[in-house]
Structures are given as structure tokens and as C-alpha cells.
Amino acid sequence: MRTHTCGELAAAGVGKKVKLCGWVANWRDHGEIVFIDLRDRYGITQLVFRMENDKELTGRASKIRSETVLAITGTVAARDKANINPDMPTGEIEIAVESIDMEVPAETPPFEVVDAPKADELVRLEHRYLDLRSKPMQEATIAKHKVLQATRRYFDGEDFLEIETPVLWKSTPEGARDYLVPARKSPGRFFALPQSPQMHKQLFMISGFDRYFQIARCFRDEDLRYDRQPEFTQIDIEMSFVSLENIYSVLEGLMAELTKVAAGKNVSAPFPRMTYNEAMERYGTDKPDTRFGLEIVDATNVAKKTEFKVFQNAGMVAGIRAPGGAALSRKEIDALPKAVADTGAKGVAWLKKTADGISGGVSKFFPEPIREELFSVFGGAEENDLFCFVADSPKVARASSGVLRGLLAKRLGLIDEEVFNYLWVTDFPLFEEDDEGKLSPAHHPFTSFPTEYLEQLERGEDLFSIPSHAADLVLNGVELGSGSIRIHDPAMQSRVFKALGFSEQELEDRFGFFLNAFRYGAPPHGGFALGFDRVLMCLLGRESIRDFIAFPKTTAAKCPLTGAPTSVSDQQLEELRLKIRKDD
RNA sequence: GGGGGUGUAGCUCAAUUUUGGUUAGAGCAUCGGACUGUCGAUCCGAAGGUUGCGGGUUCGAGUCCCGUCACCCUCGCCA
């Protein structure tokens, strides 16, 4: 039906007879002359109709509206110099249309499909097929394709095998809430959709597929965010006979390639590394944004010398020195405590460095010589610095300072948006404490740890201090993924499960098939999983992973296009032996 | 489940900060007309509203109060 796309014709094509197909992006009717911009995914080409050439055709063209599908035949014509549009790749030419071969009319769309759709996201999602015609969505969708292909090329080149894993899988008690699928052939029983192919890929290692990858769909029935969807994609890898070093270097190669493909930037490997403890100390978070300084300073000692009771009673006084922060208004500073309230901080103390001393906030508590001591703790002080302090337990003080750090950097324009700062955060603890003070895996229960801690695990002593062979990959303060060396010794695995409080029976029911496999020759192995949608979001500088999911769900986990989830017929329920409770 | 924000024409927004007052306005889109070079065309004109929904206060509610729904952000949650 077409000889060319709407993006490829240029001056070299002048004189050619062509057939183009596409959607009407815009139209301009001047009476004697009519222009139509024809759009496909390759670009936009201007069509021109003249009354003097064909009155009937031009009259017909003048009635065509946006989003109509057209197929036309015409001749490529050079534009007069004055009429060249330098902003369009096809701006040197236009098509003098001779016939309209097909015209599929479109109703007036609910929003205008333009370069930057202004419509509310909900309206766009209800008509996602239209939204996807827009430039930003076309770009995001095409970028995703390119990154997917680059990923496959990269792993294929590194001798990885792409192997699929089941989507109908087994519910496990650990981790996120499962999406369940009733099993008709086994009434009262359920499949679960996988939260990740974790156990599958470890079984592949036992099978001898020593380098595996998959672009895997994962499902988690938890609350949504801008960076969390109930179904999302992971780049999932697993390798045998490797150390973490091998895993780092494979991923560094991948990310360098993807950064180039998606963002056109070169990043150099190896990526910097930082231990978990160091990250928490210097940045108050396990995913530090290293594009700017403002590191957390332990000002406890000097703060305790002041008469300020809040400082004297605190376990720690954490401080941030923000150059230029004195420009913040009183209103902005007063808003800081609320911004960090979620971390548990009860307040934010502050003072400003002025030309002749300090002022505002808690400055009166810092007379000389404590003032000089304060400055030296922060490595000096310049005019217009803002000093912020959070006094609390060390945990809260650091966490809220970490949040403050990000806020101040953003407000003061200290973040270079052009930079891609990758960072390995290493040596995560093996366990963490859940809300009830119970032990839970910090990464997942298959994570290995240095053997010298086996005894400590056995004794159940100070378990939170045991380090693991697990690391996260962080980009500009966003956690892209995590991985670890796994336990391949069944005895060690059982000990971890026991420490986590699983009974023999539970272990057998939930993980029996998995633990059994390790009895038949399990190689040492490890792997990693990257949140693919997040990688794209970061590399393309988008606000949400929804941009990279063709049909995403709302924060209430509903599909605005189809209305799913919906109720089902009584017959369907009957077949599954399910009954819906009506009372709630 | 908790907190915050938003909801007015098909779309994006206004409607005198806190403070209720005549017929709820504008831009874009749509429809009609004009125009030979536009490219976000321009000009003239028209049509378009259950102010998310329900209740309340009031002589009078887009505006105040209560409830509810949807969307977005956030805490919890996401091994």
C-alpha cells in the first residue's frame, strides 16, 4: 500500500511518485491550498492540495480531520526556500497529492495527540491506543524495544542462554503477596504467579546451564507507586562457578551498553563500590545518590557541648552543610521537619552562616569557641551555608538526614541531571528486623554469607551483624536491582531456614522440591535481577515506569482501558468451586 | 489501612488568598464561514456545563460542613 514511510523522504526524493499511509496529525486549510501533516511512527510528512490542480480532491481534503487514516498517491516536490521547515526532518519536501486512495475517518479524539499530550494520565490510559501515538510514548516504546534487543545481544554474546520459566507457579509464604490463580482441575487449590523466577533459575544452575538470563515478567500483589506496578519486567541472570566479582563485571558491561543505547552516554566500568554500612553512615540510605555531596556529618560531640536540651538528650546529632542554603526562605526551612517526619524525626534544627557569624534557628546555642569547633567538624564554613541538624537515635538521625540531603540538593540545584552515577552497595546484612522485631532475610533466604559466621548463626547471637554476599546496583539514588551469591550447601540452607523460624514441616511443604535438588550436585552459583522498567525510567529521565508499560494499572491496581479486574459469571465460579462472600 | 493533593465544557485551566452573591469564563479541539504557502496557520461566528457523586447549612453554594468515589503522591507494604 505504501512505497515510503512518513519519515524518510528528503530532497533526494524530489520528482518521485510515492504512496504514503498514516494518520492525520494536523491540517491547515487556506482556501485555495490545503495542507495535511501525515504521521506514522517514522515521522511526519506534509501533504499539499491545490484548488488550481484538482478542485474536487482539494475540497475533499479540506474536510479531513485529525487522526483520520489516509493512503495517498502523489509526487515528491521540493519546497521553495522560504517554505522549508528546518524543524522537520522531512521539511525540505512535501507531497503534491494526486489521489486519496483510502480514507478511514476518525471521531474527534478525547484528547489531542500532540508532541506533549496535556491530558490527565487517567484519560490517556482510558484511550491508551491513542496516547501511544504521541511522541513521548512512541519514543518510550521504541526505546524499550531497543534496550530489550541490546540486552539479548549482550547476553547472547556472553554465552548466556535465555530460558523461559513458568508463569503458573507455586505460592510461597515469603516475600510479597502472591497473585493467585484457581486451579480448575484441583478444586480449592491455587497456582501463584511468580514474584520472580528465583528458584527456577537456581534449579537451572543445578541442571548445568551455567549462564542463564531471562527477560522475565514478575507479579507482586502489593500497593503501587510511580515505580511499582503489579506486573513488571526483570532482567534476570544466574551464573555458576562465580564470585560476586564476576557478576559485577557482567552487569557493568550490560549497563554500559544499555546506557549507550538508551541515553547515548558512555559510562566507565568498573563502577564505584561502597559497603552498606558506609552508605548508611555517609548518606543515611542504602541507595545513595552520589551526584552531589552534602554528606551526613556526625556532629554529636560538638552539639552536646551546647546548652540546647534537644541536642544533649539525643543519641546522635547528624548534620548537613548545604552551600548556598542560606538563600532558603524561613517558610522553606520551616517546611523541612514535616518533610522528614516519616522517618521519625521530631524536628530539624538549623542555622545560617553569615558574613560576620551565624544567625537564625539554633545559632544562639553556638557561641565561640563551640562555633569554631562546629565549623571544623563540617570541614569549614562559608558565607551562606545552611547547617541542618537532626537529633534523635542514630538510626532516625541518619535516615532523616538522608532525606534532607536529597531535598536540599534538589532545592539548591546541586544535581546534574546529565550524569549517570552507578554505584555498587555491597556487604548487605544477611538479616534485618521486621516490625515485630522478628528476623527476616534482608535479601532473600537463599543468600550466602562468609562461612566464618556459621557458628554465630548457630549460636543465634547478634544475627543482625552477620554480613552477606549480597549487593545492590544503584543509579542516581534509585535501586535498579540486587543480587547475591547463593547458598549451595543444603546443610547451610537448612540452618538459615531454621534461624528464620521455619518448622521442618513448613520447609518440606514449601521448599521441599527446592532443597531436594541441592542433594544431587549443586554448583556454587549466584545471580542478579534488574528492574527493567526502572532502568528505562532512569536512562530516559521519565517520571514513572508507567511510560514503559503499554497498558499499566492505576494505583488501585485497575486497568483503566478494560476495567479489569471484573466480576465473572456464576458458571465460571462454579467450575472453580469458588463462592464470593457477599457481606463485604 | 493511615496522611497529603486533585476533581469545573471533549482536553488544559480561570472564577477577587482566609472572606458564599446576578446569566460559571478563557485557550485548544469541534461545527459554520473567509483566506494561495502554512507547518501550534490566521481572521469572523456558533455550539458546548448534573462544577465527580450524595446529603447538609443558607434567602442564596463551584465556593462552607459531612459522607462517598476516582486519580496522583506518600507511610505502612514491596523476601
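Side chains are part of it too, since the values below use all heavy atoms of this structure and drop only hydrogens, waters and symmetry mates. As the structure is a computational prediction, the values presented were derived from the model and not from experiment. Just so it is clear: chains get the letters A, B, ... in the order the sequence lines come, proteins before strands, and each one is counted from 1.
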### Message
As a test of reading the structure: which of B:U36, B:C77, B:C39 is closest to the side chain of A:Asp37, going by heavy atoms?
### Response
B:C39
### Query
Using a cut-off of 4.0 Å on non-hydrogen atoms, how would the nucleic acid contact of A:Asp342 be classed: base, sugar-phosphate, or nothing?
sugar-phosphate
### Query
Taking only N and O in the side chain of A:Thr555, is any of them less than 4.0 Å away from OP1 or OP2 of B:C71?
no
### Query
Which base sits across from B:A70 as a Watson-Crick or G-U pair, both distances under 3.5 Å?
B:U6
### Base partner of B:G49, which must satisfy Watson-Crick or wobble distances under 3.5 Å
none
### Pi stacking test for A:Phe111 and B:C11: under 5.5 Å apart, planes under 30°
no
### Query
Are A:Asp37 and A:Arg28 close enough for a salt bridge, meaning some N to O gap below 4.0 Å?
yes
### Message
Taking A:Arg79 first and then A:Glu92, would you say they form a salt bridge - that is, a charged N and a carboxylate O separated by under 4.0 Å?
### Response
no
### Nucleotide nearest A:Asp223 (side chain, heavy atoms from C-beta), chosen from B:U38, B:C75, B:U36
B:C75
### Message
Could you tell me how far B:G20 sits from B:G60 if I compare only their C1' atoms? Round to whole Å.
### Response
8 Å
### Residues A:Glu238 and A:Arg486 bridged, charged N to O under 4.0 Å
yes
### Task
Report yes if at least one side-chain N or O of A:Trp27 is closer than 4.0 Å to OP1 or OP2 of B:U30; otherwise report no.
yes
### Query
Below 4.0 angstrom, N of the basic side chain to O of the carboxylate: do A:Arg228 and A:Glu222 qualify?
no
### Task
In plain terms, say whether A:Lys287 and A:Asp472 are close enough for a salt bridge, that is, a side-chain N and a carboxylate O under 4.0 Å apart.
no
### Query
Just checking A:Pro110: base, sugar-phosphate only, or nothing, at a heavy-atom cut-off of under 4.0 Å?
sugar-phosphate
#### Entry: Whole-angstrom distance between B:C66 and B:C72, as gauged at atom C1'
24 Å
### Task
Return the nearest nucleotide to the side chain of A:Arg228; candidates are B:U36, B:C73, B:G76.
B:G76
### Gap in Å between the two C1' atoms, one belonging to B:G2 and one to B:U8, rounded
29 Å
### For atom NE2 of A:His444 and atom P of B:C78, their distance in whole Å
15 Å
Please produce a list of atom pairs where a protein N or O lies less than 3.5 Å from an N or O of nucleotides 12-14 of chain B.
{"unit_1": "B:U12", "atom_1": "OP1", "unit_2": "A:Asp120", "atom_2": "N", "d": "2.6"}

### Query
What do you reckon, are the aromatic ring centroids of A:Phe428 and A:His469 less than 6.0 Å apart?
no
### Lys/Arg N to Asp/Glu carboxylate O, A:Arg330 vs A:Asp334, below 4.0 Å
yes
### Task
Quick one: label A:Arg546 by what it contacts on the DNA or RNA (base, sugar-phosphate, nothing), any heavy atom closer than 4.0 Å.
sugar-phosphate
### Query
Given that A:Pro109 and A:Glu112 both sit by RNA chain B, which one's nearest nucleotide is further toward the 5' end?
A:Pro109
### Query
Quick one: are A:Val104 and A:Thr68 in side-chain contact, heavy atoms under 4.5 Å?
no
### Nearest-Å distance for atom pair CZ/C1', residues A:Arg225 and B:C77
8 Å
### Message
Would you say the rings of A:Tyr129 and A:Trp23 are close, in the sense that their centroids are separated by under 6.0 Å?
### Response
no
### Task
Just call it for A:Ser196: base, sugar-phosphate, or nothing, with non-hydrogen atoms closer than 4.0 Å on any strand.
base
### Atom pair distance, as rounded to whole Å: NE2 in A:His30 and C1' in B:G40
12 Å
### Message
Can you list, in residue-number order, the parts of residues 65-81 of chain A that come under 4.0 Å of RNA chain B, counting heavy atoms only?
### Response
A:Arg65, A:Arg79
### Neighbours of RNA chain B within residues 4-16 of chain A, by heavy-atom distance under 4.0 Å
none
### Message
I'd like the P distance from B:U63 over to B:U6, given in whole Å.
### Response
14 Å
### Message
If I take atom NZ in residue A:Lys63 and atom P in nucleotide B:U30, what distance separates them, rounded to the nearest angstrom?
### Response
14 Å
### Query
If the C1' atom of B:C59 is compared with that of B:C13, how far apart are they to the nearest Å?
32 Å
### Message
Just to be sure I understand the rule, does A:Ala341 reach a base, reach only the sugar-phosphate, or reach nothing, if contact means heavy atoms closer than 4.0 Å?
### Response
nothing
### Message
Can you check the distance between B:A9 and B:A14, where both ends of the measurement are the C1' atom (answer in whole Å)?
### Response
13 Å
## Note on the structure
Checking A:Trp424, A:Tyr248, A:Phe213 against A:Phe528 for ring-ring contact (aromatic ring centres under 6.0 Å, His included), the one that qualifies is A:Trp424
### Message
Tell me if the side-chain of A:Arg124 makes a donor-acceptor pair with the base of B:G10, cut-off 3.5 Å, by modelled atom types.
### Response
no
### Task
Send over the distance from A:Leu130 CG to B:A29 C1', rounded to a whole Å.
14 Å
### Query
What's the CG-C1' distance between A:Asp227 and B:U74, to the nearest Å?
12 Å
### Query
What do you reckon, are the aromatic ring centroids of A:Phe497 and A:Phe511 less than 6.0 Å apart?
yes
### Query
Are A:Glu121 and A:Arg128 close enough, and set up right, to give a salt bridge (Lys or Arg N to Asp or Glu O under 4.0 Å), and what steps lead you there?
CA-CA 9 Å; A:Glu121 194 176 9; A:Arg128 187 62 150 179; 5.3 Å; no
### Query
Any idea which of B:C39, B:G10, B:C71 is nearest the A:Lys558 side chain?
B:C71
### Query
Hey, are A:Glu231 and A:Arg220 close enough for a salt bridge, meaning a charged N less than 4.0 Å from a carboxylate O?
no
#### Entry: Span that lies between the C1' atom of B:A26 and that of B:U51, in whole angstrom
16 Å
### Task
Take atom C1' in B:A47 and the same atom in B:C28, then report the distance between them in whole Å.
15 Å
### Task
Please confirm whether A:Phe514 and A:Phe446 have ring centers closer than 6.0 angstrom.
yes
### Task
Starting at atom CG of A:Leu125, determine the distance to atom P of B:C71, rounded to an integer number of angstrom.
10 Å
### Summary
In whole angstroms, the gap separating P of B:G40 from CD of A:Gln46 amounts to 10 Å
### Query
Which is true for A:Glu94 with a 4.0 Å heavy-atom rule: it touches a base, it touches only sugar-phosphate, or it touches nothing?
base
### Query
Watson-Crick or G-U wobble partner for B:C35, using a 3.5 Å limit on both distances?
none
### Query
How is A:Tyr226 classified with respect to the nucleic acid when contacts are heavy atoms under 4.0 Å: base, sugar-phosphate, or nothing?
sugar-phosphate
### Message
Just N and O in the side chain of A:Thr108: are any of them under 4.0 Å from OP1 or OP2 of B:G10?
### Response
no
### Message
Counting only Watson-Crick pairs (N1-N3 plus N6-O4 or O6-N4) and G-U wobbles (N1-O2, O6-N3), all under 3.5 Å, who is the partner of B:G25?
### Response
B:C13
### Query
Do the ring centers of A:Phe204 and A:Tyr212 come within less than 6.0 Å of each other?
yes
### Message
For A:Lys498, is there an ion pair with A:Glu458 - N to carboxylate O distance below 4.0 angstrom?
### Response
no
### Task
Establish whether the base of B:C35 is bridged to the side chain of A:Asp29 by a donor-acceptor pair shorter than 3.5 Å.
yes
### Task
Remember a base hit wins even if backbone is also touched, and classify A:Met88 as base, sugar-phosphate or nothing at under 4.0 Å, heavy atoms.
base
